[in-house]
Amino acid sequence: MSERGESKRPSENPADIDRTDPGAEIAARVEAFRNWGRWGDDDVLGTLNFIDAAKRVEAAGLVTDGTVISLSQSFDTDGPQKGWRRRTNPVHTMTDTGVDAERGNQGFPHGIGGADDVIAMPLQCSTQWDGLGHIFDHGFAWNGRRAGDVVTSEGDLVTGIEHAASVVVSRGVLLDVAGHLVPETGELPDGYAISAAELDACATAQGVSIGRGDIVLVRTGRLARARREGWGDYAGGPSAGLSLTTAGWLHRTEIAAIATDTWGFEVRPNEFDVPSFQPLHQVVIPNMGLTIGEMWDLDALAASCRERGRWEFLLSAPPLPITGAVGSPINPVAIF
């Protein structure tokens with residue numbers, strides 16, 4: 001990677017964004033923070049490469065009492081999805097039941113019976129990771145590959161989520177930005193763009209540092225409000241989230257991955273007065289190689305961290321090794 005003077009780096013102040021020119025704002029950050037070739041031409045993991053064996057040993061040392069907290073939403077029909085781009089909530093169907101067993105119509109010997117079931121769902125309908133093949137920039141995928149050479153009707157032939165199946169275990173750090181900025185409610189208002197300075201300030205207030213290979217979780221309080229008021233526009237609607245201007249922070253901290261309690265990770269509406277769609281995704285997934293998680297449940301974790309006065313933990317969040325998938329449902333767990 002070439003060295004660039006800090007004076008040429010894009011501003012990290014959301015107020016400095018040219019709200020009329022998303023293309024230029026995106027391009028400036030792509031140029032400044034692109035990681036193509038950083039881990040070789042054949043790389044399929046991007047920033048997950050920052051997690052090494054030493055990092056996992058460090059993270060394991062954070063386990064002191066064995067408490068486990070699931071960070072997953074439920075996978076059922078009472079979910080946030082409304083059908084946008086064929087994203088629906090899971091449909092769970094029983095194919096064998098206790099009724100069948102009682103009536104003896106399953107055909108098993110000596111009185112044994114059983115139950116079986118099947119589920120149909122989009123891979124990004126609830127708590128999930130975005131794979132590196134999920135987003136493209138001007139027809140290019142992660143590491144400079146042609147998008148059409150990476151993802152076809154057969155799936156992601158290069159950076160499928162299965163490559164990360166044994167990788168995503170590391171030190172987790174929760175930044176409860178909502179609790180830090182709005183302690184009265186613990187919920188940020190819709191459309192609030194979280195800045196890099198606010199991420200740093202939250203970490204300082206919590207007495208925690210962010211380092212290479214960490215997985216950072218950012219709580220906005222959006223899921224807590226959806227649970228109280230109903231799903232409404234949780235999926236695809238207005239929400240607090242990360243500003244486009246945090247791209248530099250995401251790059252220089254060398255974190256392995258980041259996840260939020262929102263549908264879309266970044267602030268919505270996006271920070272432009274002209275049509276735009278998920279500009280931070282466009283910078284960080286295909287160009288930076290950053291793995292992004294969405295719709296994580298961080299409320300119980302925040303309460304536990306606050307009670308403990310400790311905001312770091314062992315985080316295990318491997319995707320399902322679904323061959324060729326560009327995302328995966330997960331049940332991430334924080335272990336204290």
Side-chain angles (χ1 to χ4, degrees), residues 48 50-76 78-80 90 126-129 164-188 199 201-228 253 255-262 265 291-321 328-336:
L48 291 177
F50 288 132
I51 305 174
D52 57 18
K55 188 69 183 184
R56 294 192 186 96
V57 171
E58 172 196 342
L62 297 172
V63 177
T64 57
D65 61 35
T67 299
V68 179
I69 300 174
S70 171
L71 311 180
S72 179
Q73 293 190 37
S74 298
F75 286 79
D76 56 35
D78 184 23
S126 188
T127 305
Q128 54 94 27
W129 285 123
S166 61
V167 178
V168 195
V169 178
S170 190
R171 174 181 181 251
V173 178
L174 174 65
L175 296 181
D176 185 4
V177 178
H180 170 65
L181 293 177
V182 194
E184 300 82 8
T185 65
E187 298 174 16
L188 293 173
L199 293 174
C202 181
T204 298
Q206 294 178 179
V208 69
S209 62
I210 307 296
R212 174 183 287 190
D214 288 340
I215 300 173
V216 174
L217 312 180
V218 177
R219 181 182 175 277
T220 70
R222 183 66 182 89
L223 179 58
R225 179 156 61 86
R227 283 184 166 149
R228 184 178 66 252
T253 54
I255 62 173
I258 188 167
T260 71
D261 57 351
T262 70
F265 167 66
T291 293
I292 291 173
E294 293 157 332
M295 294 182 282
W296 289 38
D297 184 353
L298 304 178
D299 293 338
L301 177 63
S304 181
C305 287
R306 192 174 302 110
E307 180 180 349
R308 295 167 181 271
R310 178 158 76 93
W311 301 85
E312 59 178 350
F313 37 85
L314 172 63
L315 179 66
S316 178
L320 298 177
S328 173
I330 48 174
N331 176 31
V333 293
I335 309 171
F336 288 94

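Just so you know, these numbers use all the heavy atoms, side chains as well, and skip hydrogens, waters and symmetry mates. What you are looking at is a predicted structure, and each value in this text was computed from that prediction instead of being measured.
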[X] versus [Y], closest heavy-atom pair with distance:
X: I255; Y: F50; answer: O-CD1, 3.6 Å
X: P80; Y: M295; answer: CG-SD, 4.1 Å
X: A256; Y: I51; answer: CB-CG1, 3.4 Å
X: S170; Y: G213; answer: OG-O, 2.6 Å
X: W129; Y: I258; answer: CZ3-O, 3.8 Å
X: D76; Y: S74; answer: OD2-CB, 3.4 Å

Do L181 and L188 pass the side chain to side chain contact (heavy atoms under 4.5 Å, CB included) test, and can you show the C-alpha distance, the side-chain angles, and the key distance before you say yes or no? CA-CA 8 Å; L181 293 177; L188 293 173; 4.1 Å; yes
Please check: side-chain N/O of [X] versus main-chain N/O of [Y], any donor-acceptor pairing under 3.5 Å?
X: T253; Y: I210; result: no
X: S316; Y: V333; result: no
X: R227; Y: R222; result: no
X: D214; Y: V216; result: no
X: D261; Y: L298; result: no
X: T127; Y: Q73; result: yes
X: D297; Y: D299; result: yes
X: R56; Y: V167; result: yes
X: R310; Y: E312; result: yes
X: K55; Y: R171; result: no

If the condition is side chain to side chain contact (heavy atoms under 4.5 Å, CB included), which residues does T185 pass it with, not counting sequence neighbours?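 Expected list: V182, E187.
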Residues in side chain to side chain contact (heavy atoms under 4.5 Å, CB included) with A302, at least two apart?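 L174, D176, R219, R306.
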To the nearest 0.5 Å, tell me how far [X] [atom1] sits from [Y] [atom2].
X: T291; Y: L48; atom1: OG1; atom2: CG; value: 3.5 Å
X: W296; Y: N331; atom1: CH2; atom2: CG; value: 9.5 Å
X: L175; Y: L199; atom1: CG; atom2: CG; value: 6.0 Å

Quiz question: by atom type and distance under 3.5 Å, do the side chains of S72 and S70 form a donor-acceptor pair? no
Go through the steps to decide whether I69 and F336 satisfy the test side chain to side chain contact (heavy atoms under 4.5 Å, CB included), and finish with yes or no. CA-CA 9 Å; I69 300 174; F336 288 94; 3.9 Å; yes
Are any non-hydrogen side-chain atoms of F313 and T67 less than 4.5 angstrom apart? no
Any side-chain heavy-atom pair from L71 and L315 closer than 4.5 angstrom?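 In contact.
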Are L314 and V169 close enough, and set up right, to give a side chain to side chain contact (heavy atoms under 4.5 Å, CB included), and what steps lead you there? CA-CA 7 Å; L314 172 63; V169 178; 3.9 Å; yes
Whether R308 and D65 form a salt bridge (side-chain N of Lys/Arg under 4.0 Å from carboxylate O of Asp/Glu) is what I want to check.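 Judged by the 4.0 Å cut-off on N to carboxylate O distance, D65 and R308 do form a salt bridge.
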